[in-house]
Enquirer: 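Structure in structure tokens, see below.
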Amino acid sequence: MKFKIQWYDRLPSTNTFLKERLALEPELPSGTVVATREQTQGRGRRGRDWLSAANENLTFSILLRGGYEPRWLPSATMAAAIAVADLLGAEGVKADLKWPNDVLVNGKKICGILSEGIPGGIIIGIGLNVNMADAGEIDQPATSLLIETGARRNMDQLLERLLSILSIRIEEWAEGGFSRVRKKWEANVPTLGKTVTVRDGDAERTGQLAGFGDDGELLLRVEGGEVIPVWAGDLSV
Ligand code: BTN
């Protein structure tokens, strides 16, 4: 798939901006990428904020057009996360995937992904910490490529590299759904087979992470051996 990048100096949120653009330009093509040097009101999963220092991190959103059913949404995020992990591997950093949408390095978050359904498509928003020297801790420990490797990256080049990997993963996913990328996802999930807890609001379930279903849902083996699908929640070990 081909991407066309539009860079902006400052936007509140690339996901929101892309939605607003679509309302004005309904013919905006699939593969449109909106990237910003500074994001002032970044949005995370579950209504959380996504904080990102100006000029130091990649914050961008991709428009994917297609008749995707809502059940495709979680695995769009997962396909994108695999691509980010591949990129990090190529940059010399071993990355782990944490269901449903985190990329971690040494247990610290380096990337978050927020996919949103729109009429006739999906917007995938990606925030990757790149040149942040002090990632601190927001709602969980965070890190960046600079912290992990000691080297700064050129943001434009890194985005180009990430998009070329993303194009392969997204095509695989668009053709065959999560099943096509499941092996790659599971290969980067260190918690597979381990005892995990999934919290969704007040509901909490503990069991063995047995794998992932055809739409990317987490499969939890609970006491008694029954395997139940879990569609949403925060995972902890
Ligand atoms: C999360 O981990 O909760 C998801 C974070 C997603 C952040 C990205 S940054 C680019 C895009 N625009 C947004 O407002 N959010 C996503």
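Atoms within a ligand are numbered from 1 in the order they appear, just like the ligands themselves. In what follows, every heavy atom counts, from backbone to side chain, and hydrogens, waters and symmetry copies are set aside. It should be emphasised that the depicted structure is a prediction, and the values quoted were computed from it without experimental measurement. We number each residue from 1, following the sequence as shown.
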Enquirer: Heavy-atom contacts with Gly42 under 4.0 Å: which atoms of ligand 1 show up? List them by number with element.
Expert: 14 (O)

Enquirer: Residues in side chain to side chain donor-acceptor pair (under 3.5 Å) with Asn154, at least two apart?
Expert: none

Enquirer: Could you tell me whether ligand 1 has any atom less than 4.0 Å away from a heavy atom of Arg48?
Expert: no

Enquirer: Group every Ile, Leu, Val, Met, Phe, Trp and Tyr by side-chain heavy-atom contacts under 4.5 Å, then state whether Leu73 and Ile82 land in the same group.
Expert: yes

Enquirer: If you group Ile, Leu, Val, Met, Phe, Trp and Tyr by side-chain heavy-atom gaps below 4.5 Å, do Leu97 and Ile168 land in one group?
Expert: no

Enquirer: Using a strict cut-off of 4.0 Å, indicate which atoms of ligand 1 neighbour a heavy atom of Arg45.
Expert: 1 (C), 3 (O), 4 (C)

Enquirer: So which bit of Gln39 gets within less than 4.0 Å of ligand 1, heavy atoms only: side chain, backbone, both or neither?
Expert: side chain

Enquirer: Is the side chain of Arg161 donor-acceptor paired with the backbone N or O of Leu87 at a distance under 3.5 Å, no angle test?
Expert: no

Enquirer: If you apply the rule side chain to side chain contact (heavy atoms under 4.5 Å, CB included), what do you find for Leu11 with Gln39, and how did you get there?
Expert: CA-CA 5 Å; Leu11 289 176; Gln39 184 170 252; 5.7 Å; no

Enquirer: Would you mind running through ligand 1 and noting each atom that sits below 4.0 Å from a heavy atom of Arg43?
Expert: 5 (C), 6 (C), 7 (C), 13 (C), 14 (O), 15 (N), 16 (C)

Enquirer: For ligand 1, which atoms sit closer than 4.0 Å to a heavy atom of Thr14?
Expert: 10 (C), 11 (C), 12 (N)

Enquirer: Does ligand 1 have an atom that lies less than 4.0 angstrom from a heavy atom of Arg46?
Expert: no

Enquirer: Please state whether the rings of Trp185 and Phe178 are parallel, tilted or perpendicular, taking 30° and 60° as the class boundaries.
Expert: perpendicular

Enquirer: I need the atoms of ligand 1 closer than 4.0 Å to a non-hydrogen atom of Ser13, numbered in the order shown.
Expert: 12 (N), 13 (C), 14 (O)

Enquirer: Under 4.0 Å from a heavy atom of Gly44: which atoms of ligand 1 are those, numbered in the order shown and with their elements?
Expert: 1 (C), 3 (O), 4 (C), 5 (C)

Enquirer: Applying a strict under-4.5 Å side-chain criterion to I, L, V, M, F, W and Y, I'd like to know whether Val198 and Leu192 cluster together.
Expert: yes

Enquirer: Return the closest protein heavy atom for atom 5 (C) of ligand 1 as residue, atom name and distance.
Expert: Trp50 CE3, 3.4 Å

Enquirer: So Asp102 and Gln140, side chain to side chain contact (heavy atoms under 4.5 Å, CB included) or not? Walk me through it.
Expert: CA-CA 11 Å; Asp102 287 352; Gln140 68 183 89; 3.9 Å; yes

Enquirer: Number the atoms of ligand 1 from 1 as they appear, then name those within less than 4.0 Å of a heavy atom of Lys109, with their elements.
Expert: 1 (C), 2 (O)

Enquirer: Of the backbone atoms (N, CA, C, O) and the side-chain heavy atoms from C-beta on, which set of Asn101 has a member under 4.0 Å from an atom of ligand 1: side chain, backbone, both, or neither?
Expert: side chain

Enquirer: Give the atom numbers and elements of ligand 1 that come within less than 4.0 Å of a heavy atom of Gly127.
Expert: 8 (C), 9 (S)

Enquirer: Do Arg205 and Asp200 sit within salt-bridge range, that is, some charged N less than 4.0 Å from a carboxylate O?
Expert: no

